[in-house]
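Step one of this worksheet: look at the structure below.
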Amino acid sequence: MNIIEKEAEEFYEYGFLNSGIYADLENIKSSLTSKLYNFNRDRDKLDFLKIVRELAIKDKEEHMKSCNGCGYDKVRDIAVFTVDQEVDDINRFFTYEPKSNDKFSVAEESELHNKLNDILEKLEKHGFGQQIIFEEIEGLKNHFNLGKKNWFQLLKGKVVDLTLKKVLKKTIVEEIYNQLSDGFEQVVKMIEYK
């Protein structure tokens with residue numbers, strides 16, 4: 001457990017909703033804002049908020065199994081709402097910046113862009129012209145800013161999703177993945193063995 005995870009769990013357990021069922025939006029927001037002040041990096045704040053949000057949802061779900069309408073769920077809903085507002089506020093100014101050795105060069109972006117166009121063309125020729133495929137593959141063109149490692153993880157998730165939804169056969173998905181990862185074997189190996 002890293003420091004952010006430990007801080008998030010302790011904050012949720014002992015500080016976040018310490019007013020009990022009488023906690024309101026103002027108290028919850030004040031408590032959260034005070035805690036976030038301790039973190040300088042937006043990435044740390046976002047990680048912290050994600051954990052607190054998950055804890056609130058899990059806590060609410062557990063409680064609701066035996067609840068008789070005590071209001072416990074309303075306080076957790078306010079907590080999730082407050083966390084979501086903080087995340088939105090941070091995301092307005094937060095821009096992910098990959099490490100320099102993980103950034104795509106202009107040539108690499110162009111090459112992948114062309115490969116994505118080729119794949120769409122081939123899929124249409126083979127009768128796979130569904131809108132969902134087009135949207136998923138077209139969406140990849142907008143995320144080169146994620147860096148190589150994250151982009152290939154996104155690619156992997158999207159092609160696996162297309163397989164699970166039975167939109168594409170596994171062999172076609174493997175062909176797409178192999179075609180796009182050609183020339184990026186080091187990055188792909190990092191993802192595979194993580």
Side-chain angles (χ1 to χ4, degrees), residues 1-9 39-55 57-58 80 83-84 86-194:
M1 179 181 301
N2 67 32
I3 292 171
I4 301 297
E5 292 168 342
K6 184 174 184 264
E7 288 291 322
E9 288 182 7
F39 303 108
N40 290 331
R41 292 187 295 251
D42 287 339
R43 179 76 258 155
D44 293 339
K45 290 177 185 179
L46 290 169
D47 289 344
F48 177 85
L49 290 166
K50 180 187 76 159
I51 295 165
V52 169
R53 186 180 198 284
E54 288 171 0
L55 290 171
I57 290 170
K58 183 179 171 189
V80 170
V83 167
D84 288 348
E86 289 293 334
V87 168
D88 289 346
D89 193 47
I90 292 168
N91 279 334
R92 287 185 318 153
F93 303 107
F94 178 73
T95 306
Y96 177 75
E97 185 67 35
K99 294 177 183 172
S100 59
N101 64 343
D102 192 42
K103 288 183 182 179
F104 284 108
S105 68
V106 175
E108 289 171 330
E109 283 186 28
S110 180
E111 179 186 346
L112 284 171
H113 196 275
N114 290 335
K115 285 182 180 181
L116 289 168
N117 286 339
D118 290 344
I119 288 168
L120 284 172
E121 221 174 272
K122 286 180 186 176
L123 289 173
E124 283 183 44
K125 284 181 184 174
H126 293 302
F128 293 104
Q130 295 104 323
Q131 187 67 22
I132 189 169
I133 296 170
F134 178 79
E135 288 172 0
E136 293 292 333
I137 293 177
E138 197 63 33
L140 288 166
K141 295 177 184 177
N142 299 323
H143 296 290
F144 292 125
N145 63 319
L146 294 175
K148 295 174 186 176
K149 183 178 171 195
N150 289 335
W151 190 86
F152 277 99
Q153 285 176 327
L154 177 65
L155 167 66
K156 189 174 184 179
K158 285 186 179 286
V159 294
V160 166
D161 191 44
L162 289 173
T163 306
L164 293 175
K165 290 180 180 175
K166 302 201 185 300
V167 176
L168 290 176
K169 294 178 184 172
K170 186 178 177 183
T171 54
I172 294 171
V173 168
E174 286 174 356
E175 185 181 325
I176 291 171
Y177 190 75
N178 290 336
Q179 183 179 351
L180 289 170
S181 60
D182 184 36
F184 295 96
E185 286 80 10
Q186 281 303 114
V187 178
V188 173
K189 282 182 188 175
M190 286 173 30
I191 296 168
E192 301 295 331
Y193 299 112
K194 197 166 187 206

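- In this structure, D118 does not pair ionically with K122, as no charged nitrogen and carboxylate oxygen lie closer than 4.0 Å.
- In terms of the side-chain hydrogen bond (donor to acceptor under 3.5 Å, both in side chains) criterion, residue partners of D84 (sequence neighbours excluded) are, by chain and number, R53.
- Partners of K45 under the side-chain hydrogen bond (donor to acceptor under 3.5 Å, both in side chains) rule, at least two apart in sequence or in another chain, do not exist in this structure.
- Residues satisfying the side-chain hydrogen bond (donor to acceptor under 3.5 Å, both in side chains) criterion with K141, sequence neighbours excluded, are N117, E138.
- With sequence neighbours left out, the salt bridge (Lys or Arg N to Asp or Glu O under 4.0 Å) criterion links E54 to no other residue.
- With sequence neighbours left out, the side-chain contact (heavy atoms from CB on, under 4.5 Å) criterion links N142 to no other residue.
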Using side-chain contact (heavy atoms from CB on, under 4.5 Å), reason through N2 and D47 one step at a time and then give a plain yes or no.
CA-CA 11 Å; N2 67 32; D47 289 344; over 6 Å; no

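- Taking each heavy atom of I176 and L123 in turn, the nearest pair found is CD1-CD1, 4.1 Å.
- With sequence neighbours excluded, no residue forms a salt bridge (Lys or Arg N to Asp or Glu O under 4.0 Å) with K50.
- Interatomic distance, S181 OG to E174 CD, rounded to the nearest 0.5 Å: 11.0 Å.
- The ring pair (Phe, Tyr, Trp, His ring centres under 6.0 Å) search around F104 returns F144, W151, F184, not counting sequence neighbours.
- Taken from CG in D42 to CD1 in I90, the straight-line distance is 5.5 Å, to the nearest 0.5 Å.
- For D182, there are no salt bridge (Lys or Arg N to Asp or Glu O under 4.0 Å) partners, not counting sequence neighbours.
- For the side-chain hydrogen bond (donor to acceptor under 3.5 Å, both in side chains) test, residues two or more places apart in sequence or in another chain that qualify with E135 are Q131.
- Every residue two or more places apart in sequence or in another chain that forms a side-chain contact (heavy atoms from CB on, under 4.5 Å) with E136 is listed here: I132, K158, L162.
- The side-chain contact (heavy atoms from CB on, under 4.5 Å) check on S105 picks up A107, E108, with sequence neighbours excluded.
- Atom-to-atom distance recorded for F152:CZ and L140:CG is 10.0 Å, nearest 0.5 angstrom.
- Heavy atoms of other residues, nucleotides or ligands lying less than 6.0 angstrom from CD of E175 number 12 at most.
- For D89, the salt bridge (Lys or Arg N to Asp or Glu O under 4.0 Å) test picks out R92, with sequence neighbours left out.
- L116 CG to E111 CD: the interatomic distance, rounded to the nearest 0.5 Å, is 10.5 Å.
- Taking CD from E5 and CD1 from I3, the interatomic distance works out to 10.5 Å, rounded to the nearest 0.5 Å.
- Here the closest heavy-atom approach between residue L49 and residue V83 is recorded as O-CG1, 3.4 Å.
- Note that CZ of R43 is 14.0 Å distant from CZ of F48, once rounded to the nearest 0.5 Å.
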